[in-house]
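Input: a single structure, listed below in structure tokens.
What's counted below: heavy atoms across the whole structure, side chains too, no hydrogens, waters or symmetry copies. Keep in mind that what you see is a predicted model, and the values were worked out from it rather than measured. In each ligand, atom 1 is the first atom listed, and ligand 1 is the first ligand listed.
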Amino acid sequence: MGQDRLIKHQLIIVRHGQSEWNKVNKFCGWIDVLLTKKGEEEARNAGRLINKAKLKPDLLITSKLSRSCLTGSIICKEINRLYIDVYRTWRLNERHYGKFQGEDKTKILQQVGEKKYLYYRRNINGCPPLVEKEEFEKSVDDRYKYKEDFKLTEEKEEFEAKEREGILELPRGESLKMVIERVKPFYEKIVLKEMKIGKTVLIVCHGSTVRSLIKIISEDQVSDEDIEKINIPNGIPLVYEFDKDLNRVGDYYYLDPEKAIKRAKEVERQGFENKK
Ligand SMILES: O=C(O)[C@@H](CO)OP(=O)(O)O
């Protein structure tokens, strides 16, 4: 049977448009910067690509960070679906970049050397130096105190029990492996559940959480070594397709493959471009 007759569900995933700190070559993580004008245009273009592919999202899912929320709204405006439900979760926040947040990428590259720089940015176990606990407590925005409307009821009890015991900590720096661990429960208990009831889900998140979703959805097709080589372009939607039983059909594809390859290369080269 032809693959296209198998397809019953589509999941659209896109990284936010260019942020203010993407533009100035800074590590961003959980710092809540906005989109540049270019990033807003990239978001509109993502909407045009979704329209052109005749995809009709029924649910928008974003992180708690403004750059993903803004990109999601601009896309939904572009595709005339501003009315669809929105679910926002800290679990899709960008990887927390620890002490590197706010630092210039080229400066860190020169400080730690190319091998370590690549390890921190893309190795599944690469974790930046952690922000000091006291410093972190002062800076963390209360949006991240797990105040999401728990659809995972058992999770609510779990979190509240841990919080009471004071053992629940927000990340102070993360590896991709740690991000995968916080994204996976959300994907399995919310995203798959919404798709199972027939919704086309649009997820707008961040470079590391798109990579986490690729690792989770592609399973053993994408090894730890493979994921190291995957960089995610801003604002170009990728699509996963599934059969009626939510078995993945084929690999993901970008709605503008050529531009995706070009922009992913630019992401990979960040920090090296203006290395003196
Ligand atoms: O700064 C960040 O949070 C991320 C994504 O912008 O950077 P990198 O692509 O280097 O992981």
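- More than 12 heavy atoms of other shown residues, nucleotides or ligands fall within 6.0 angstrom of atom NZ in K199.
- Checked by atom type, the side-chain pair Y187/S212 shows no donor-acceptor distance below 3.5 Å.
- Contact residues of ligand 1 (protein heavy atom closer than 4.0 angstrom to a ligand atom; sorted by chain and number): R15, N22, K26, F27, C28, G29, E94, Y97, K105, R121, R122.
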Only pairs under 3.5 Å count here: list side-chain donor-acceptor contacts from residues 54-61, not counting sequence neighbours, and write none if there are none.
{"residue": "D58", "atom": "OD2", "partner": "T200", "partner atom": "N", "Å": "2.7"}

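- For D251, there are no side chain to side chain donor-acceptor pair (under 3.5 Å) partners two or more places apart in sequence or in a different chain.
- Grouping Ile, Leu, Val, Met, Phe, Trp and Tyr residues whose side-chain heavy atoms lie under 4.5 Å apart, directly or via other members, leaves I261 alone, with no other cluster members.
- Donor-acceptor pairing under 3.5 Å is lacking for the side chains of R263 and N231.
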